[in-house]
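Given the structure is predicted, the values throughout are model-derived calculations rather than measurements. In this chain, residues are counted from 1 in sequence order.
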Amino acid sequence: MSVEKLPWESLEGPIYYAREMKPRKKWVQIGGWFLSAGLIIGGIMTPYRVLILFGILYVLTLVMKKDTVITERGLEIYYQMRITTHYDFWSWKEIVQVLREDQNHPQLVALHIGRGNRSKRLFFTRSDAKQIMVLARKKNPRAVVSEMPKPQNVKSRKK
């Protein structure tokens with residue numbers, strides 16, 4: 001399989017790559033391969049042929065590559081699968097909110113990026129998150145760009 005050219009490779013401005021908060025552990029990867037093999041074998045050996053389809057779909061998810069970035073144009077997500085690719089793009093005009101949530105991780109913070117009734121939570125380094133918030137204010141002054149409010153301590157009432 002040839003590696004597809006990413007849609008943002010030709011851009012001049014800054015490109016901020018989202019990070020994974022918890023990458024898949026090795027045993028989860030190996031377990032996924034065993035599960036998909038079990039589904040395919042189960043579909044061959046039993047009358048439930050639909051298991052073959054589920055096994056193949058699971059294999060495709062295991063080999064899928066997802067790249068998520070914030071650019072001068074907006075939020076860009078590119079999925080590369082063995083059989084197809086998919087490009088999802090949210091322009092800055094469509095983005096209505098960028099909320100920063102600090103989860104006490106040493107390097108990463110979460111940014112909640114909202115468009116309409118959809119929201120994505122992505123993780124960036126602290127410095128990248130600060131620069132993304134500045135970029136969001138510049139590109140869409142109408143968007144809500146702020147810190148996520150801390151949850152209030154709610155005391156339960158005993159009846």
Side-chain angles (χ1 to χ4, degrees), residues 1-101 103 105 107-129 131-136 138-140 142-145 148:
M1 180 183 125
S2 65
V3 176
E4 295 279 328
K5 184 175 180 186
L6 298 172
W8 51 83
E9 283 182 354
S10 62
L11 292 179
E12 297 280 326
I15 299 172
Y16 305 103
Y17 285 86
R19 309 285 207 271
E20 286 188 45
M21 181 74 148
K22 295 179 186 175
R24 282 188 192 149
K25 294 181 180 174
K26 184 78 171 171
W27 70 269
V28 174
Q29 287 280 112
I30 294 169
W33 285 106
F34 278 115
L35 175 66
S36 55
L39 287 170
I40 293 170
I41 292 169
I44 293 170
M45 300 188 74
T46 66
Y48 305 107
R49 301 287 182 234
V50 73
L51 292 177
I52 297 171
L53 175 66
F54 289 135
I56 291 170
L57 290 174
Y58 201 76
V59 166
L60 289 174
T61 61
L62 287 171
V63 298
M64 179 183 73
K65 188 171 186 287
K66 176 182 168 187
D67 294 299
T68 306
V69 297
I70 300 277
T71 65
E72 292 277 335
R73 299 186 299 200
L75 172 64
E76 304 185 45
I77 305 170
Y78 193 66
Y79 301 92
Q80 295 180 47
M81 297 165 259
R82 295 287 183 189
I83 58 174
T84 187
T85 60
H86 178 71
Y87 177 61
D88 198 8
F89 174 70
W90 294 7
S91 73
W92 284 114
K93 291 179 184 173
E94 299 172 317
I95 294 173
V96 295
Q97 71 178 8
V98 178
L99 300 176
R100 182 180 178 272
E101 177 186 16
Q103 297 181 336
H105 189 276
Q107 293 104 12
L108 302 177
V109 294
L111 288 182
H112 296 262
I113 300 171
R115 176 184 92 172
N117 62 353
R118 293 181 63 196
S119 177
K120 293 204 179 279
R121 183 176 77 167
L122 304 170
F123 295 95
F124 295 93
T125 62
R126 292 181 184 279
S127 62
D128 283 356
Q131 293 171 351
I132 290 168
M133 293 177 78
V134 169
L135 180 65
K138 183 175 105 179
K139 291 293 185 176
N140 188 355
R142 295 183 317 238
V144 176
V145 180
M148 188 168 249

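Distance OG1/T68 to OH/Y17: 10.5 Å, rounded to 0.5 Å. Within the model, atoms CD1 of I70 and CD1 of I15 stand 11.5 Å from one another, a figure rounded to the nearest 0.5 Å. Rounding to the nearest 0.5 Å gives a distance of 10.5 Å between CD1 of I41 and CD1 of I52. Here the CZ-CH2 distance, from F34 to W27, works out to 13.5 Å after rounding to the nearest 0.5 Å. A distance of 14.0 Å separates NZ in K120 from CG in L111, rounded to the nearest 0.5 Å.
Remark: R121 engages no residue in a side-chain hydrogen bond (donor to acceptor under 3.5 Å, both in side chains) (not counting sequence neighbours). Y58 pairs by the side-chain hydrogen bond (donor to acceptor under 3.5 Å, both in side chains) definition with nothing, not counting sequence neighbours. Residues that satisfy the side-chain hydrogen bond (donor to acceptor under 3.5 Å, both in side chains) test with H112, not counting sequence neighbours, are E101. In this structure, the side-chain hydrogen bond (donor to acceptor under 3.5 Å, both in side chains) partners of D128, at least two apart in sequence or on a different chain, are T125.
Shown here is R142, whose CZ atom has no more than 12 heavy atoms of other residues, nucleotides or ligands within 6.0 Å.
Listed here is the closest heavy atom pair of M133 and V145: O-CG1, 3.7 Å. Heavy atoms only, all atoms of each residue included: A110 and F123 are closest at CB-CE2, 3.6 Å. Summarising the geometry of G55 relative to I40, their closest heavy-atom pair is CA-CG1, 3.9 Å, with the distance given to 0.1 Å.
Counting only distance, with no hydrogens or angles, the side chain of R49 and the backbone of G43 share a donor-acceptor pair below 3.5 Å.
Residue pairs that meet the side-chain hydrogen bond (donor to acceptor under 3.5 Å, both in side chains) test with at least one member in residues 28-37, sequence neighbours left out, are R24-Q29.
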For residues 89-97, which side-chain donor-acceptor pairs fall under 3.5 Å, sequence neighbours excluded?
| residue | atom | partner | partner atom | Å |
| --- | --- | --- | --- | --- |
| W92 | NE1 | T71 | O | 3.1 |
| W92 | NE1 | E72 | O | 3.3 |
| E94 | OE1 | S91 | N | 3.0 |

